[in-house]
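Just below is one structure, and these are the notes that go with it.
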Amino acid sequence: QVQLVESGGGLVPAGGPLKLSCSNSGRPFSSYSMGWFRQAPGKERDLLPAISWSGGSTYYADSVKGRFTISRDNAKNTVYQQVNSLKPEDTAVYYCAEGVLSGNSNWRTYYWGQGTQVTVSS
């Protein structure tokens with residue numbers, strides 16, 4: 001049974017940085033791609049960045065290029081998402097996901113985390 005647990009969310013001021021973490025347990029972390037999604041109220045859950053199992057390939061949605069950075073530490077079974085210059089419109093629930101990243105932008109989700117709320121105050 002795979003468990004993904006996000007941490008690092010909360011109330012943060014606009015303009016500031018935020019680092020989200022997602023830890024995996026249940027099966028070999030290094031065998032799978034990892035991604036971060038977000039879902040704002042009334043909107044779809046969108047893939048933001050994703051990273052291949054080795055970290056050698058990444059994908060970023062156009063809306064977050066330059067502000068979001070994804071990284072992973074396979075020794076710690078953890079994937080990170082660094083967000084800089086936070087905006088009020090970044091307010092959402094952020095989910096990590098385990099899956100497959102192929103062709104640099106094609107994603108399939110196998111497992112979801114429970115999500116962590118990020119609220120950006122203006």
Side-chain angles (χ1 to χ4, degrees):
Q1 186 73 15
V2 174
Q3 283 191 315
L4 303 175
V5 180
E6 300 97 335
S7 60
L11 178 64
V12 291
L18 179 72
K19 189 170 187 177
L20 301 177
S21 301
C22 173
S23 297
N24 161 295
S25 64
R27 68 179 183 180
F29 177 74
S30 60
S31 298
Y32 298 91
S33 302
M34 299 296 295
W36 284 96
F37 290 71
R38 72 180 173 191
Q39 187 168 25
K43 296 189 176 181
E44 294 185 352
R45 189 176 299 186
D46 294 323
L47 177 63
L48 304 176
I51 189 167
S52 62
W53 66 272
S54 67
S57 180
T58 56
Y59 161 81
Y60 290 92
D62 289 341
S63 59
V64 301
K65 285 180 180 177
R67 289 198 305 125
F68 286 47
T69 303
I70 190 170
S71 61
R72 66 189 295 162
D73 185 337
N74 287 344
K76 296 182 178 180
N77 287 357
T78 302
V79 63
Y80 305 96
Q81 178 175 251
Q82 176 73 39
V83 184
N84 296 321
S85 303
L86 280 161
K87 305 175 181 180
E89 51 264 42
D90 292 322
T91 295
V93 178
Y94 286 74
Y95 299 88
C96 75
E98 178 188 284
V100 174
L101 175 66
S102 60
N104 293 325
S105 62
N106 296 316
W107 175 266
R108 176 187 293 179
T109 297
Y110 291 152
Y111 292 98
W112 292 101
Q114 83 286 354
T116 185
Q117 175 71 47
V118 173
T119 302
V120 182
S121 61
S122 57

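Worth knowing before you read on, the calculation uses all heavy atoms, side chains too, and leaves out hydrogens, waters and symmetry mates.
- Distance alone, capped at 3.5 Å, places no donor-acceptor pair between the Arg45 side chain and the Phe37 backbone.
- Between Pro13 and Ser121, the closest heavy-atom pair is CA-OG, 3.5 Å.
- The one candidate from Tyr80, Tyr59, Trp36 that meets the side-chain contact (heavy atoms from CB on, under 4.5 Å) condition with Ile70 is Trp36.
- If you take OG on Ser63 and CG on Leu47, they are separated by 9.5 Å, rounding to the nearest 0.5 Å.
- The OG atom of Ser23 sits 9.5 Å away from atom CD of Glu6, with the distance rounded to the nearest 0.5 Å.
- Following chains of ILVMFWY side-chain contacts shorter than 4.5 Å, one cannot reach Val5 starting from Tyr111, and the two form parts of different hydrophobic clusters.
- Under the 4.5 Å side-chain heavy-atom criterion for grouping Ile, Leu, Val, Met, Phe, Trp and Tyr, Leu4 is not connected to Tyr95 through any hydrophobic cluster.
- Atom CD of Gln3 is surrounded by 12 or fewer heavy atoms from other residues, nucleotides or ligands within 6.0 Å.
- With respect to Lys65 and Asp62, a salt bridge is recorded, a charged nitrogen being found less than 4.0 Å from a carboxylate O.
- Contact detail for Thr109 and Trp107: the closest heavy-atom pair is OG1-NE1, 2.6 Å.
- Taking CZ from Phe68 and CG from Leu86, the interatomic distance works out to 7.0 Å, rounded to the nearest 0.5 Å.
- To the nearest 0.5 Å, atom OG of residue Ser33 and atom CG of residue Asn106 are 11.5 Å apart.
- Here the side chains of Val120 and Leu18 are not in contact, with every heavy-atom distance at 4.5 Å or above.
- Heavy atoms only, all atoms of each residue included: Gln82 and Asn84 are closest at NE2-OD1, 3.1 Å.
- Proximity of Tyr32 to Val2: side-chain heavy atoms (C-beta onward) are nowhere separated by under 4.5 Å.
- Taken together through direct or relayed side-chain contacts under 4.5 Å among Ile, Leu, Val, Met, Phe, Trp and Tyr, Val100 and Tyr60 form part of one hydrophobic cluster.
- Remark: of the listed residues Leu11, Thr91, Leu20, Leu20 is the sole one forming a side-chain contact (heavy atoms from CB on, under 4.5 Å) with Val118.
- What you find for Val79 and Ser71 is that their closest heavy atoms are CG2-O, 3.1 Å.
- With hydrogens and angles left out, the side-chain atoms of Asn74 and Arg72 include a donor and acceptor closer than 3.5 Å.
- For Trp53, the CH2 atom is loosely surrounded, since the number of other residues' heavy atoms within 6.0 Å does not exceed 12.
- The CG atom of Asn77 sits 10.5 Å away from the SG atom of Cys22 when rounded to the nearest 0.5 Å.
- Taken to the nearest 0.5 Å, the CD atom of Gln39 stands 11.0 Å off from the CD atom of Gln117.
- In plain terms, the two heavy atoms of Ala14 and Ser122 that are nearest each other are CB-CA, 4.2 Å.
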